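For reference, the structure is listed below as structure tokens.
Predicted model only: the values in this text are computed from it and were never measured.
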Amino acid sequence: ANHIEKGLGLKGGEIMEHGFSFVAPKKDQPWFLYLGLIDTHVTWRAKQPWLDRYDGGYKGRFAAEFGDDGPTGFAKDLNEHEKDHIRALYDSNVSYQDDLLGQMVERLKGWGVWDQTMLVITADHGDELWEDGRVGHGGSEREILIHVPLLVRYPALFPAARITEGTEGIDIMPTVADALGIPADPEWQGMSLVGLANGTGGYPLLSVVSQYENAHGGRIGHWKLKLIGTQTPRLYDLARDPGERDDVWGKPSDVEWKKAQWGNAAAVTSRFAADLGE
């Protein structure tokens with residue numbers, strides 16, 4: 001259960017304690033625990049002391065929460081001060097969940113199993129906070145919604161590194177199975193990230209997203225392509241245009257493909273990245 005259920009408001013700390021109550025009796029045995037710490041999902045409810053740090057003294061109509069509970073859903077008539085406060089509401093929940101993560105790590109250390117535990121942290125999406133006129137999620141395929149963190153902590157197989165190649169949520173299950181020595185099911189769509197974390201793999205890897213089967217996006221390196229229904233494709237250079245505002249599809253380019261050095265466009269070589277300064 002979580003507070004997506006309207007009016008419930010269950011906090012991540014309660015979810016975490018309930019989850020750990022299942023594994024505590026068997027903490028010295030192999031166990032698996034999924035925790036949906038979902039405070040950053042609407043409705044956003046104030047978390048202290050962080051809200052006072054980010055926007056203390058606010059006395060308006062969204063002092064405690066903002067979201068889609070109630071008959072009217074999201075309020076539409078917000079002024080800029082109210083929007084800033086709602087951003088602070090959201091940030092207070094990010095900080096609250098970060099604090100819970102620290103508590104979780106300390107719990108595992110106290111049990112003596114921290115270095116034997118694989119911890120995977122990710123999200124299914126982000127949220128827009130009026131960067132392009134929208135609030136919430138499900139309204140676009142912008143990076144602020146789909147470029148979410150994926151952190152894996154397991155020293156036995158994952159050396160400390162920041163991997164910039166494209167990965168997807170469907171890669172998590174094959175990664176966990178690989179760490180357990182379980183063969184991948186041929187029907188799985190994702191791939192194990194153990195090899196990538198240890199320096200094997202090429203450049204680049206494609207990340208794909210779909211929005212209600214009507215819009216699709218793909219990203220390789222800093223290039224992102226969007227296909228929306230029957231519209232003309234849209235192409236963005238995120239290195240130069242992180243806000244995805246300048247569609248360069250069909251515009252002249254001074255790049256001529258060098259297959260001898262760069263390989264096939266579907267599986268390019270590392271020379272391609274080096275030549276383009278990546």
Side-chain angles (χ1 to χ4, degrees), residues 40 94 120-134 136-152 158 161-175 188-259 261-278:
T40 43
V94 173
V120 180
I121 304 169
T122 191
D124 58 337
H125 57 73
D127 278 288
E128 293 180 286
L129 289 164
W130 296 283
E131 293 86 355
D132 198 36
R134 291 176 296 270
H137 52 268
S140 77
E141 293 183 326
R142 298 176 72 84
E143 288 295 286
I144 196 168
L145 284 173
I146 65 173
H147 189 191
V148 298
L150 175 58
L151 293 85
V152 181
F158 283 79
R162 180 178 181 181
I163 307 299
T164 59
E165 297 192 46
T167 59
E168 300 170 304
I170 55 175
D171 298 328
I172 295 174
M173 184 166 67
T175 301
W188 289 350
Q189 291 178 293
M191 72 173 199
S192 171
L193 301 178
V194 173
L196 187 63
N198 287 273
T200 62
Y203 176 94
L205 292 179
L206 174 67
S207 296
V208 176
V209 64
S210 294
Q211 180 188 357
Y212 304 122
E213 300 304 322
N214 180 56
H216 306 274
R219 174 174 174 171
I220 294 181
H222 61 80
W223 292 100
K224 182 175 181 179
L225 181 71
K226 293 182 181 180
L227 302 174
I228 303 174
T230 59
Q231 299 177 20
T232 301
R234 303 175 188 177
L235 180 65
Y236 301 94
D237 179 357
L238 299 177
R240 186 180 57 82
D241 175 31
E244 301 170 68
R245 301 187 183 280
D246 183 15
D247 177 14
V248 297
W249 178 266
K251 293 184 178 180
S253 171
D254 58 0
V255 176
E256 295 182 353
W257 197 262
K258 302 176 183 178
K259 187 176 181 181
Q261 289 80 32
W262 296 349
N264 186 289
V268 300
T269 69
S270 58
R271 169 73 181 268
F272 174 74
D275 285 352
L276 295 185
E278 296 187 24

E256 and W262 have their tightest heavy-atom pair at O-CZ3, 3.7 Å
More than 12 non-hydrogen atoms from neighbouring residues, nucleotides or ligands closer than 6.0 Å to CD on Q231, yes or no? yes
Which atom of D246 lies closest to which atom of D241, heavy atoms considered: N-OD2, 2.7 Å
Within the 4.5 Å heavy-atom criterion, are I163 and F158 side-chain neighbours or not? no
Note: E131-R142 ion pair, threshold 4.0 Å (strictly below): no
Heavy atoms, side chains only, cut-off 4.5 Å: are R245 and D132 in contact? yes
Indicate yes or no for a side-chain donor-acceptor contact from E168 to the backbone of G190 under 3.5 Å, with no hydrogens or angles considered. no
Which atoms form the tightest heavy-atom contact between T122 and P149, and what is the distance? OG1-O, 2.8 Å
If we ignore hydrogens and angles and just use 3.5 Å, is the side chain of R234 paired with the main-chain N or O of W249 as donor and acceptor? no
Without swapping roles, check the side chain of E244 against the backbone of Y236 for a donor-acceptor pair under 3.5 Å. no
Measuring from atom CD1 of I121 to atom CD1 of I172, what distance do you get when rounded to the nearest 0.5 angstrom? 11.0 Å
What distance do D247 atom CG and K226 atom NZ have between them, rounded to the nearest 0.5 Å? 9.5 Å
Is the shortest side-chain heavy-atom distance between V208 and Q189 below 4.5 Å? no
Between the CG atom in N214 and the NE2 atom in H216, the distance rounded to the nearest 0.5 Å is 7.0 Å
Exercise: identify the closest heavy-atom pair between L193 and T175: N-OG1, 3.0 Å
What heavy-atom pair brings W188 and M173 nearest, and what distance separates the two atoms? NE1-CE, 3.1 Å
Would a 4.5 Å heavy-atom cut-off, applied to side chains only, mark L235 and W223 as touching? yes
Contact summary for A215 and I228, nearest pair of heavy atoms: CB-CG1, 4.0 Å
V248 vs R240, side-chain contact (heavy atoms from CB on, under 4.5 Å): CA-CA, chis, key distance, verdict: CA-CA 11 Å; V248 297; R240 186 180 57 82; 3.5 Å; yes
If you round to the nearest 0.5 Å, how far is OG of S210 from CD of E141? 7.0 Å
L196 side chain reached by T167 side chain, heavy atoms, under 4.5 Å: yes
Report yes if some heavy atom in the side chain of I146 is under 4.5 Å from a heavy atom in the side chain of R219; otherwise report no. no
Between D237 and K251, is there a side-chain N and carboxylate O pair less than 4.0 Å apart? no
Taking only Lys NZ, Arg NE, NH1 and NH2, and the carboxylate oxygens of Asp or Glu, determine whether R134 and E128 approach each other closer than 4.0 Å. yes
Please check: side-chain N/O of D171 versus main-chain N/O of M191, any donor-acceptor pairing under 3.5 Å? yes
Would you find more than 12 non-hydrogen atoms of other residues, nucleotides or ligands less than 6.0 Å from H147 atom NE2? no
